[in-house]
Amino acid sequence: MSSHNNNNNYSSQQQESSSSLSSSEDVLLFNNLNQRSLSITQQRLALPVYQLRKHILHLLETKQTLVVVGHTGCGKTTQIPQYLYEAGWCDGGRCIAVTQPRRVAATSVAVRVAEEMGESTVGGKVGYTIRFDDQTTNTTAIKYMTDGMLLREMMVDPLLSRYPVVMIDEAHERSLSTDLVIGLLKKVMVRRPDLRVIVSSATLDAEDFCNYFNLNKDSNDKTKDTCAILSIEGRNYPVDLHYLEEPTANYVDTTVKTIVDIHLTQTPGDVLVFLTGQDEIETVRRQLIDRLSDDPTNQQHQYTIVPIYSGLPLEKQMKVFAPPNIHKRKIVLATNIAETSITIDGIVYVVDCGFVKIKSYSGRSGTDSLVVVPTSQASANQRAGRAGRNRSGKCYRLYTEAAFAKLDVHTIPEIQRSNLSSVVLQLKALGIDNILAFDFLSPPVADSLVRALELLYALGAIDDYAKLTSPIGMTMAELPTEPPFSKMILSAASDFGCSEECLSIVAMLTIPGIQYNQSLVRKQFGVKEGDHLTLLNIYNSYVDIKQKDQSGWCHDNGLNAKAMTRVLQGNNNNDTKKVDPSVLVRKAIVSGFFSNAARLLPDGSYQTIKDKRNLWIHPTSIIGTINSPEWVIFHDVIITTKEFMKELTVIEPNWLSEIAPHYYSK
DNA sequence: GAGCACTGC
């Protein structure tokens, strides 16, 4: 059976451990084709994109923007930059920038392309730049980078003068920073007619991108268009779509039934199931084990269930990459991580529950929360496509065909469902004064822009004329943290002399999954001032432990050792001076988070001071188990069964009028 | 007494 001849996949993925979690279609293509025996040149010539090489180069002579539509594995990410290089676009020490939404993709593609170009290492002719890791030199001609990194470069060099060409890869994902880069590039192109922009996107978006970048608005003469679309055939096999006849009232049950059915009636081939979250995955896993072991035929049908979601430790995530086995069906239960971030080989059957959990921002309350919503058509098609990578496959959509037709065509871009204070701050730092008039590809609702401006004003980052302040606003824009965090760090340094402590707290709040045993951690480290100082207590205790003992110490204290290592990496703070941080640190927190102040009500809930929202203490907070303070500052709100405040710190009410008098009048 | 999709500087 041809679909199972790819046992070499695993070994090649092991060799390139970083690429096994990569979304880079092109890198994975080489693994899939099992063409290691072919020379690199032969491999390059065999790629679908090669047929369009001359066409691409010709279009770039006449058009300023090129939208490239290419499915999984057509070779666009690795090949197009090389064609440009070979055609002389990098002559004279110039460099092509290629952006990726994720770090692993940027690094693994760079490694692959360096190899194709005969380089012994990455960082010469081909390099990459991601946060904390810049592998480029002044001879680098092709540079892969995260789009966030390109944004940072634009703050230093707004016209991107060293790049003749910028390629935005995976633009259809519409991440926050991709959208920002796109909006800024459109402005740059007016000032730099020589700049060429290549946008790689999915079919559904291509027209939108093209209309956006096309500067020929007045003439119907198509030859005057400044943007062209180019489609590259994919390497995907056909996928049979199966819909439900009738809608289901409980898609979790239907998911289980469908998987059992596939397992007992369909030919060998692995199954990939899309669910919305960790809990759902666990539920389905348990029910599946019950159902499948009840079945007397299961002796002939060996199976293994592998969950994957980002919260899972990396070693467990790696289990989905075990090579396909004809005698043992792999059933992968996944969140959206399998739709964009990782690609699993050997999938023949996809089960799509039809829902997704996404971030949603309420402009009115200014908080974001996670909600389960129906997927978009684009997302459903992406999921289905995962069944056709190695051979033809089947996709079971757990909704009716009529329901599919009614789904949104696209997922709402992140910029339209996010808190925009960081975005606005960055645009201000790039000299964009009138944010409301900025030509976004998908403009956010004006309300959330105004809300972001208000917060930045309250934090002192912009002045009465909405101009970036100096030095506060300028410095905040340079810090890679959310504006309230940035302000807290700045005040800690300038007013309260506790920057080490505050940096440690920010680092602890930024790394997810630090505590695996909540109650143990609380017992060991909890302090009455609240969660922020508890986190500081954990951090300081961790630093005091000798390095060789840290791992065991973490385990004994309910902490995730790997997560703690990452805290240290991001926090170059070797100073172990011991000041009593109790009041100073809490005041610094207030200077960033004063808008998140709340007061105790008689029923045990809290009310925010400014907009009178009713909130509850989240049960994971140290506050509430120790006492019920009258005044608190919270870091975050999570909306589940109630609206909960997470990460709380006890404050004195007069600190509010002392630190944020412009925001609170007594 | 609840439970966090996914990224990035």
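Among the atoms of the strands shown, none is found under 4.0 Å from any heavy atom of A:Ser422. In this structure, A:Glu339 reaches neither bases nor backbone, as no heavy-atom distance under 4.0 Å exists between it and the strands shown. Backbone-only engagement by A:Thr146 is indicated by non-hydrogen atom pairs under 4.0 Å involving sugar-phosphate atoms exclusively. Among the atoms of the strands shown, only primed sugar atoms or phosphate atoms (P, OP1, OP2) are found under 4.0 Å from some heavy atom of A:Ile130.
Atom OH in A:Tyr361 sits about 20 Å away from atom P in B:dC4, given to the nearest Å. Between the CE atom of A:Met155 and the C1' atom of B:dG8 there is a distance of 13 Å, given to the nearest Å. Atom pair A:Leu180:CG and B:dC9:C1' shows a separation of 12 Å (rounding to whole Å applied). Protein atom CG of A:Asn336 is 7 Å distant from nucleotide atom C1' of B:dA5, rounded to whole Å. For the pair A:Glu170 CD and B:dG8 P, the interatomic distance rounds to 13 Å; values are reported in whole Å. Rounded to whole angstrom, the span from the CD1 atom of A:Ile639 across to the C1' atom of B:dC4 amounts to 14 Å. The nearest whole Å value for the distance from the CD1 atom in A:Ile358 to the C1' atom in B:dC6 is 11 Å. Put simply, NZ on A:Lys359 is 14 Å from P on B:dA5, counting in whole angstrom units.
Of the candidates B:dG1, B:dA5, B:dC9, B:dA5 carries the atom nearest the A:Leu370 side chain, counting heavy atoms from C-beta on. In the set B:dA5, B:dA2, B:dC6, B:dA2 carries the atom at the smallest distance from any side-chain atom of A:Phe644. Distance from the side chain of A:Arg522 is smallest to B:dG1 among B:dC4, B:dA2, B:dG1. For A:Tyr309, the listed nucleotide lying nearest its side chain is B:dC6; candidates were B:dA2, B:dC4, B:dC6.
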Side chain to side chain donor-acceptor pair (under 3.5 Å) assessment of A:Ser175 paired with A:Thr178: CA-CA 5 Å; A:Ser175 74; A:Thr178 304; 2.7 Å; yes
A:Arg599 and A:Glu630: CA distance, side-chain angles, deciding distance, salt bridge (Lys or Arg N to Asp or Glu O under 4.0 Å) verdict: CA-CA 6 Å; A:Arg599 185 179 190 178; A:Glu630 188 172 0; 2.7 Å; yes
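Checking A:Ser442 against A:Arg174 by side-chain atom types alone, a donor-acceptor pair falls below 3.5 Å. Side-chain contact, A:Asp147 with A:Ser177: a donor N or O sits under 3.5 Å from an acceptor N or O.
Note: A:Tyr251 and A:Phe355 have parallel aromatic rings, judged against thresholds of 30 and 60 degrees for the angle between ring planes.
Ranked by how close their nearest DNA chain B nucleotide is to the 5' end, A:Met149 and A:Thr276 are led by A:Thr276. Between A:Arg417 and A:Glu482, the residue anchored closer to the 5' end of DNA chain B is A:Arg417, taking for each the nucleotide with the nearest heavy atom.
A sub-4.0 Å separation between OP1 or OP2 of B:dG8 and a side-chain N or O of A:Arg152 is absent. Of the side-chain N and O atoms in A:Thr335, one or more sit less than 4.0 angstrom from OP1 or OP2 of B:dC6. For A:Ser310 and B:dC6, the shortest distance from a side-chain N or O to OP1 or OP2 is below 4.0 Å. The phosphate of B:dC9 (OP1 or OP2) has no side-chain N or O of A:Thr481 nearer than 4.0 angstrom.
For A:Ser605 against A:Asp603, the heavy-atom pair with the smallest separation is OG-OD1, 2.8 Å.
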